[in-house]
Amino acid sequence: MKIALLRKLEQSLLERLNQETKAEIIDLSDQISPKALADTEIILGWNPAVLDALKLPNKIKWIQVWSAGVDYLPLETFDQNHLFLTTASGANSFNIAQQLLAYLLIEVRHLDLSIKNQTKKLWQLPAGQTELTQKTIALLGTGNIAQDLVKMLQPFGMKIIGVNTTGHEVAGFDQCFPISQLSEAIRDADFVVNSLPLTTKTKGIIDQAVFKALKNSSYYLTVGRGKTTNEADLIKTLANHEIAGAALDVFENEPLSENSPLWEMDNVLITPHSAGPSDFYDQRVVDSFLTNFQAYQETGIPSQHLINYQKEY
Ligand SMILES: NC(=O)C1=CN([C@@H]2O[C@H](COP(=O)(O)OP(=O)(O)OC[C@H]3O[C@@H](n4cnc5c(N)ncnc54)[C@H](O)[C@@H]3O)[C@@H](O)[C@H]2O)C=CC1
Ligand SMILES: O=C(O)C(=O)[C@H](O)COP(=O)(O)O
């Protein structure tokens, strides 16, 4: 069996792939070739040249991408070619949850003010410092990112609300709502965390009506995909102080334009789509690929985070 590798990996991970799959690993990370891709059964990573390979007579059965989001991929073509698609969801959720916890702590302890004051050598006690203790948090999306965050929030004694497609219960959440009851779900939230994938159903779903349902003291945090938020509505809401602030890792268009008013807003924390990367990332994706690979050999189907084209995406 041949596996094409489209991502530069450190030697120890390459060796693990070789040893544990006993497959022939074709490293195409430097020099991509549709013909070489067409001759492999599994593709690890993504490059648009895979589309050229799919037009040739080919042996491709399964693509494992290096991202959790699949919104940028030609899913219809994959579906038409009956390909399995697995993702890195779960491989970066632990570090994303840590970044979200950092945002939350920055907001309640007003650490952003002290960081700004330090550049001015200004000794000033921030007003209104509080804690996460007894606050209510609503997590939009109850998947890997949200579940890792929920585990980290347990010691703070918060009320944890989840929002997912059907309102199905998820361990660690006090209550889950279907997305059709979004306004009700977020009504009492001190923090709203958006880790929704971008799909036809979630595009622009967080708009003025949703912001209006929030308390003036609420914070909006987003790490999913920028296009799930109506950014113009968010800007208006922040400018009018209709919510207390926002921590934003993803934007409608990236990089965020230097003309965006978000840069200048005191109540906004901006990070450059940086929640995902971590030095543990490649290792965790390889771990998840190897688990998938074992299932693929035993049952013909890779097991973890398999995208079902007929459902959500
Ligand atoms: N900022 C960054 O660096 C990163 C961003 N992401 C983004 O975060 C997203 C989520 O990642 P994971 O938690 O790993 O994915 P996941 O697939 O484990 O969770 C997605 C959650 O969203 C829910 N969902 C999907 N469609 C919905 C809808 N229409 N209404 C309500 N809920 C819906 C699902 O039920 C599930 O609970 C990814 O799709 C990706 O776009 C992921 C990794 C890094
Ligand atoms: O996993 C995802 O989805 C992400 O957004 C990660 O940060 C990685 O994104 P890319 O750098 O692969 O676009």
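For ligands, and for the atoms within them, numbers begin at 1 and follow the listed sequence.
Set against the non-hydrogen atoms of Ile96, the atoms of ligand 1 under 4.0 Å away are 4 (C), 43 (C), 44 (C). Short contacts between ligand 2 and Arg225, defined as distances under 4.0 Å to a heavy atom of the residue, involve ligand atoms 2 (C), 3 (O), 4 (C), 5 (O). With ligand atoms numbered from 1 in the order given, ligand 1 contributes 31 (C), 32 (N), 35 (O) to contacts under 4.0 Å with heavy atoms of Asn164. Residue Gly276 approaches ligand 2 through these ligand atoms, each under 4.0 Å from one of its heavy atoms: 7 (O). In the vicinity of Ser195, heavy-atom distances shorter than 4.0 Å reach the ligand 1 atoms 9 (C), 10 (C). Close approach of ligand 2 to Ala68 is summarised as follows: ligand atoms under 4.0 Å from at least one heavy atom of the residue are 1 (O), 2 (C), 3 (O). For ligand 2, the atoms sitting less than 4.0 Å from at least one non-hydrogen atom of Ser67 are 1 (O), 2 (C), 3 (O), 12 (O), numbered in the order shown with element in parentheses.
Under the 4.0 angstrom criterion, atom 1 (O) of ligand 2 counts as having a protein heavy-atom contact. Per-atom contact check: atom 11 (O) of ligand 2 does not touch the protein, criterion being a heavy-atom distance below 4.0 Å.
Within the 4.5 Å cutoff, the side chain of Phe84 has no heavy atoms near those of the Phe78 side chain. Under the 4.5 Å side-chain criterion, counting only non-hydrogen atoms from C-beta, Thr86 is not in contact with Ile63.
In Ile145, the parts holding a heavy atom less than 4.0 Å from any atom of ligand 1 are both the side chain and the backbone.
The single protein non-hydrogen atom nearest to atom 7 (O) of ligand 2 is His273 NE2, 3.4 Å, given as residue, atom name and distance.
Checked against a 6.0 Å centroid threshold, the rings of Trp62 and Phe289 count as neighbours. In this structure, Tyr220 has its ring center no closer than 6.0 Å to that of Phe191. With ring centers used as reference points, Trp263 lies 6.0 Å or more from Phe251.
The shortest N or O to N or O distance between Val250 and ligand 1 is not under 3.5 Å. Checking only distances, Thr199 never comes within under 3.5 Å of ligand 1, N or O to N or O. The shortest N/O to N/O separation between Val163 and ligand 1 does not fall below 3.5 Å. Polar contact with ligand 2: absent for Pro277 (N/O pair, distance under 3.5 Å). Backbone and side-chain nitrogen or oxygen atoms of Asp71 are examined, and none is located within less than 3.5 angstrom of a nitrogen or oxygen of ligand 1. Considering both main-chain and side-chain atoms, Asn92 never comes within under 3.5 Å of ligand 1 through any nitrogen or oxygen pair.
Comparing Gly69, Gly143, Gly224 against atom 7 (C) of ligand 1, the shortest heavy-atom distance belongs to Gly224. For atom 32 (N) of ligand 1, the nearest non-hydrogen atom from the set Leu196, Val70, Leu149 belongs to Leu196. Between the choices Ser67, Ser89, Ser93, the shortest heavy-atom distance to atom 12 (P) of ligand 1 belongs to Ser89.
Residue contacts with ligand 1 leave out Leu198, since none of its heavy atoms falls under 4.0 Å from the ligand. Remark: distances from the non-hydrogen atoms of His305 to ligand 1 include one below 4.0 Å.
Remark: the backbone N or O of Ala36 is paired with a side-chain donor or acceptor of Ser33 at under 3.5 angstrom.
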